[in-house]
Colleague: 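Let me give you the structure first, and then I'll get to my questions.
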Amino acid sequence: QHSAMANIGFIKSELDMKLLVLYIMSHAAEPITFFQLLEIAMCDAGVDYFSLTQAVTHMVETGQLECQDDRYSITEKGRRNSEICESSLPYSVRMHCDDSMVQLNKLLRQEAQIQSSVSRNPDDTYTLHLCLNDVNTPLLKLDLLVPSTQQAETMTRTFKADPAGLYLHLTHLLMKQEDEQ
């Protein structure tokens, strides 16, 4: 019974799995985590965690994907292979992936626009670095001195919840005197 179920999906071999991974990775707006890749790849019934793990590991070893900070991206070699083989993936599988990629890419672009980090100062205080980007141009860069990492985390959550709101509020505050004149 189980082996009959496994054959419902298009993905039946390691090569099919690699074609699917290349297709997904070539359409990702930014590097993605393994679990983001798994979630999209699960659009096909033939995909499982272990076969995907094997395929991704092999693709990193052969230089088609690269992994940095637990996020995967496609290499030039992978992109070339994807372009050559893309038509081998059934249209229905590509459509399922494309539908899933729309939401993921939106999320990835938002993540890339909003950045934060915390650095420790010699006097045991911390500096919170916040950045809001529009495509590749910084709209707002803000460094704040904070007494603790807890306060930095709270401020980061608030910033990430509504970065545009903070930007608008700051510009309003900075323009306030001119408005009053």
Side-chain angles (χ1 to χ4, degrees), residues 1-117 130-141 156-157 159-167:
Q1 170 115 21
H2 178 70
S3 60
M5 286 294 288
N7 290 332
I8 291 172
F10 160 76
I11 306 300
K12 294 177 176 62
S13 70
E14 188 181 356
L15 179 62
D16 296 338
M17 180 72 76
K18 288 177 180 176
L19 290 176
L20 178 62
V21 170
L22 284 174
Y23 183 80
I24 292 168
M25 295 306 297
S26 68
H27 289 80
E30 300 282 334
I32 62 176
T33 66
F34 179 80
F35 288 101
Q36 288 169 325
L37 175 60
L38 178 65
E39 197 174 318
I40 305 254
M42 293 295 265
C43 71
D44 190 272
V47 174
D48 65 82
Y49 178 88
F50 296 104
S51 54
L52 185 66
T53 302
Q54 279 182 310
V56 168
T57 301
H58 188 255
M59 293 170 82
V60 170
E61 288 167 1
T62 57
Q64 296 179 79
L65 299 179
E66 54 191 14
C67 184
Q68 196 174 353
D69 300 325
D70 291 329
R71 287 187 179 252
Y72 292 87
S73 57
I74 193 167
T75 62
E76 260 326 295
K77 177 182 178 181
R79 204 171 287 286
R80 282 195 308 274
N81 292 347
S82 177
E83 285 167 8
I84 294 164
C85 304
E86 190 170 290
S87 59
S88 303
L89 266 183
Y91 180 74
S92 61
V93 174
R94 292 193 307 240
M95 288 300 95
H96 273 292
C97 287
D98 291 348
D99 289 346
S100 303
M101 291 303 293
V102 170
Q103 276 306 104
L104 179 61
N105 280 335
K106 186 178 173 190
L107 187 75
L108 291 169
R109 284 189 192 99
Q110 284 174 338
E111 277 179 15
Q113 288 178 319
I114 305 161
Q115 295 159 343
S116 67
S117 63
L130 301 173
C131 187
L132 174 62
N133 297 304
D134 178 33
V135 190
N136 293 326
T137 309
L139 288 175
L140 172 71
K141 278 188 164 184
T156 298
R157 277 194 303 275
F159 174 65
K160 287 185 173 183
D162 187 16
L166 176 67
Y167 175 79

Colleague: For a 4.5 angstrom cut-off between non-hydrogen side-chain atoms, does His27 reach Arg94?
Modeller: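 Not in contact.
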Colleague: When you measure from the side chain of Thr53 to the backbone of Tyr49, do you find a donor-acceptor pair of N or O atoms at a distance under 3.5 Å?
Modeller: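 Between the backbone of Tyr49 and the side chain of Thr53 there is a qualifying donor-acceptor contact (under 3.5 Å).
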Colleague: Is the shortest side-chain heavy-atom distance between Phe159 and Tyr167 below 4.5 Å?
Modeller: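 Sidechains of Tyr167 and Phe159: no contact.
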Colleague: With side chains defined as the heavy atoms from C-beta onward, is the minimum distance between Gln68 and Pro31 less than 4.5 Å?
Modeller: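 No, their side chains stay 4.5 Å or more apart.
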Colleague: Any side-chain heavy atom of Tyr72 sitting closer than 4.5 Å to one from Val56?
Modeller: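 Yes; the side chains approach each other to less than 4.5 Å.
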Colleague: Any side-chain heavy atom of Glu30 within less than 4.5 Å of one from Arg71?
Modeller: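 No; the side chains remain at least 4.5 Å from each other.
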Colleague: What's the separation between atom OG1 in Thr137 and atom CD in Gln113, rounded to the nearest 0.5 Å?
Modeller: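 CD of Gln113 is found 11.0 Å from OG1 of Thr137.
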Colleague: Distance from Gln115 atom CD to Lys160 atom NZ, nearest 0.5 Å?
Modeller: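 Rounded to the nearest 0.5 Å, the CD-NZ separation comes to 9.0 Å.
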Colleague: Counting only N and O atoms by type, is there a donor-acceptor contact under 3.5 Å from the side chain of Asp134 to the main-chain atoms of Leu139?
Modeller: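 It does not hold such a pair.
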Colleague: Are Asn105 and Leu108 close enough that some pair of their side-chain heavy atoms sits under 4.5 Å apart?
Modeller: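 Yes, side chains in contact.
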Colleague: Which atom pair, heavy atoms only, marks the closest approach of Leu19 to Ser88?
Modeller: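 Closest heavy-atom pair between Leu19 and Ser88: CD1-CB, 3.8 Å.
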Colleague: Do any N or O atoms from the side chain of Ser100 and from the backbone of His96 form a donor-acceptor pair under 3.5 angstrom?
Modeller: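 Judged by distance alone, yes, a pair lies under 3.5 Å.
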Colleague: Within the supplied structure, the quantity of interest is the number of heavy atoms (other residues, nucleotides, ligands) at a distance under 6.0 Å from Glu39 CD; does it exceed 12?
Modeller: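 For Glu39, atom CD is not crowded (no more than 12 foreign heavy atoms under 6.0 Å).
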Colleague: To the nearest 0.5 Å, what is the distance between CG on Asp48 and CG on Leu38?
Modeller: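 The CG atom of Leu38 is 9.0 Å from CG of Asp48, to the nearest 0.5 Å.
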Colleague: Between atom OG1 of Thr33 and atom CG of Asp69, what is the distance when rounded to the nearest 0.5 Å?
Modeller: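 Output value for this atom pair is 12.5 Å.
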Colleague: How long is the straight-line distance from CG of Leu37 back to CG of Leu65, given to the nearest 0.5 Å?
Modeller: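 Leu65 CG to Leu37 CG: 8.0 Å, rounded to 0.5 Å.
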Colleague: So do Pro163 and Leu140 actually touch side chain to side chain, heavy atoms under 4.5 Å?
Modeller: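 Answer no - side chains too far apart.
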Colleague: Between atom CG of Leu22 and atom CZ of Arg79, what is the distance when rounded to the nearest 0.5 Å?
Modeller: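 Here the rounded value is 10.0 Å.
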Colleague: For residues Tyr23 and Asp98, determine if any side-chain heavy atom of one lies less than 4.5 Å from a side-chain heavy atom of the other.
Modeller: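 They are in contact (side-chain heavy atoms under 4.5 Å apart), so the answer is yes.
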Colleague: Are any of the side-chain nitrogens in Glu14 or Lys18 under 4.0 Å away from the carboxylate oxygens of its partner?
Modeller: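 Yes, charged N to carboxylate O under 4.0 Å.
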Colleague: For Gly46 versus Met17, what's the shortest heavy-atom pair and its separation?
Modeller: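 Closest pair (atom of Gly46, atom of Met17, distance): O-CE, 4.4 Å.
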Colleague: Give a yes or no on whether the backbone of Gln64 and the side-chain of Thr75 come within a donor-acceptor separation of less than 3.5 Å.
Modeller: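 Yes; judged by distance alone, with no hydrogens or angles, the pair exists.
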